[in-house]
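Within every chain, numbering begins at 1; the chains are lettered A, B, ... in the order of the sequence lines, protein sequences first and strands thereafter. Hydrogens, waters and symmetry mates play no part in the numbers below; they use all other heavy atoms, side chains included.
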Amino acid sequence: MADDKDVLRDVWFGRIPTCFTLYQDEITEREAEPFYLLLPRMSYLTLVTDKVKKHFLKVMKAEDIEEMWFDFEGTSLKWHYPIGLLFDLHASNTALPWSITVHFKNFPERDLLHCPSNSVIEAHFMSSIKEADALKHKSQVINDMQKKDHKQLWMGLQNVVLCSSDKFDQFWAMNRKLMEYPTEEGGFRYIPFRIYLTMSDRPFIQKLFRPISPDGHTHTLGDLLKEVYPVAIPNDDESKHYQVVIHGIEPLLETPLQWLSEHLSHPDNFLHISVIPAPSD
Amino acid sequence: MSSCFLDEETFCQCCQLLLQHSHSLCDGWSWEQVKGSEEGYLRKTALGTGRTRCNLDQQGNSSDQHQERTFSLSFHNDDDDDDEDDGAVCCIQEESSSSSVVQYEYHILYSCSYQTPVLYFRASTLEGRSLCLEEVWDSVHPNYRQRLQHRPWDTITQQEHPLLGQSFFVLHPCRTEEFMMPVLKAALEEHRQVNYIVTWLSVVGPVVGLDVPLSYCTQVPEPPHTPSRSPQPPPALHSPQP
């Protein structure tokens, strides 16, 4: 029987083999070769693609380089979503390696956030953690932490790119405090989650949802979906139209939500859940 | 209003009352409903002034040879004994910026995580070019700029609009209860009506060029509240001790 801690490790060390190709209309001085990279599911595109930029800079003139951005099959990729989420949402049932197109011009202002430096990524990451703690603990745990503790969380995330056990431990030494709860409560106050949709204008659903019902019943993933996105659950006589994916797997709908929150959250302490069309083969 | 936190239903009620007054003034607020749900937000567009860079092209890129986006979030603390560089310093290059007419679009959404309203906005030149974050910072009235720089949680950042998925600027909500609590407490003690949204907007709106005429404060009532809602001690949403 797998130890729960093994789940944390497997999630932390998840990688996606990716092929970066320069957009054909970018101006180059000579042919640009594609660049291959193993992307950590837990991190963010702009945090781990310096090598990609350096690679393409070799064949381009400085004046043709503006802020780098990425697309997959015509959909611009939001760097502020964890990499694993982007893959599950857009490329789940496609062949590996994940083929991403790299751009240096015509930044889609309406759709993408700018990312001029790592401080922006840090601010975004910390902001998610704070929001998650507002939901779990009315912000008490995050506010009791010192600034150096916050830094440890951020450093831990930056180091997720290194396949090192120490870095995993460094992050979790701090993160475990955010995963605690008073025993008598049975779980967090509310579960930090977002359900991402591909077939809607709305990017995600986020609502208040308790892990334990007032009469002590443990809520499951299925209970959450029934309440906030019932479309995702097939009726008994129907075939499955959608897949509910977290970290590249489809957890059983009977899984307790509290357990999912403690073990399958991203480093930002949110459960990022993708609901995608089931493959029709 | 006895709690400085807002539940979603009261948010909607406050917005509807604001809307009624807005219609009488014809000042442009509307309610946008999310398809297939009870969620919605207040929306308004307005022309205002801002400081924009005149040497930027359609995509907001400088035609200057030495364009550098040196802007990053600055997290200065009032007690600057901790000189650690939290993030690069905020540099606002003012040399080539000038006052111009800017089209603003404001959205007031409800945050269930913080149980407060949140102000989202975007800004573009009349030619349709989106303003960048530096320009938005530059456009904040000097009276408010110091406050933004010294308190990280009041800062303006770029975020994804949770209902539309597009890029907006946002005034961070986590210090809302700090200014709302005294007002609501005083109103309770003096048996005065307070419409949460109107009060909140009159504080945060002017920071980003959105003025709230005084008649809102006198003419817009509080939604009728149920007696079962009792004052809750607010959780401490203050910044961590260094």
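- Within 6.0 Å of CD in Gln16(B) there are more than 12 heavy atoms belonging to other residues, nucleotides or ligands.
- Taking 4.5 Å as the heavy-atom cut-off, the residues of residues 191-207 of chain A that approach chain B are Asp201(A), Arg202(A), Pro203(A), Phe204(A), Gln206(A), Lys207(A), ordered by number.
- With values rounded to the nearest 0.5 angstrom, Ser127(A) atom OG is found 5.5 Å from Gln159(B) atom CD.
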Test side-chain contact (heavy atoms from CB on, under 4.5 Å) on Glu109(A) and Ser124(B); report intermediate values, then the result.
CA-CA 11 Å; Glu109(A) 295 285 338; Ser124(B) 56; over 6 Å; no

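- Minimum heavy-atom separation, Ser167(B) to Leu112(A): OG-O, 2.9 Å.
- Looking at every heavy atom in both residues, Ala134(A) comes nearest to Tyr114(B) through CB-CE2, 3.9 Å.
- Residue contact with chain A, scored on non-hydrogen atoms closer than 4.5 Å, is absent for Glu8(B).
- Across all non-hydrogen atoms, the minimal contact from Glu160(B) to Lys78(A) is OE2-NZ, 2.5 Å.
- For the ring pair (Phe, Tyr, Trp, His ring centres under 6.0 Å) test, residues two or more places apart in sequence or in another chain that qualify with His137(A) are Phe188(A).
- Heavy-atom distances place the backbone of Leu164(B), and not its side chain, under 4.5 Å from chain A.
- To the nearest 0.5 Å, the span separating CZ on Phe168(B) from CG on Leu113(A) amounts to 11.5 Å.
- Surrounding CD of Glu38(B) are at most 12 heavy atoms belonging to other residues, nucleotides or ligands under 6.0 Å away.
- The distance from atom SG of Cys112(B) to atom CD of Glu131(A), rounded to the nearest 0.5 Å, is 7.5 Å.
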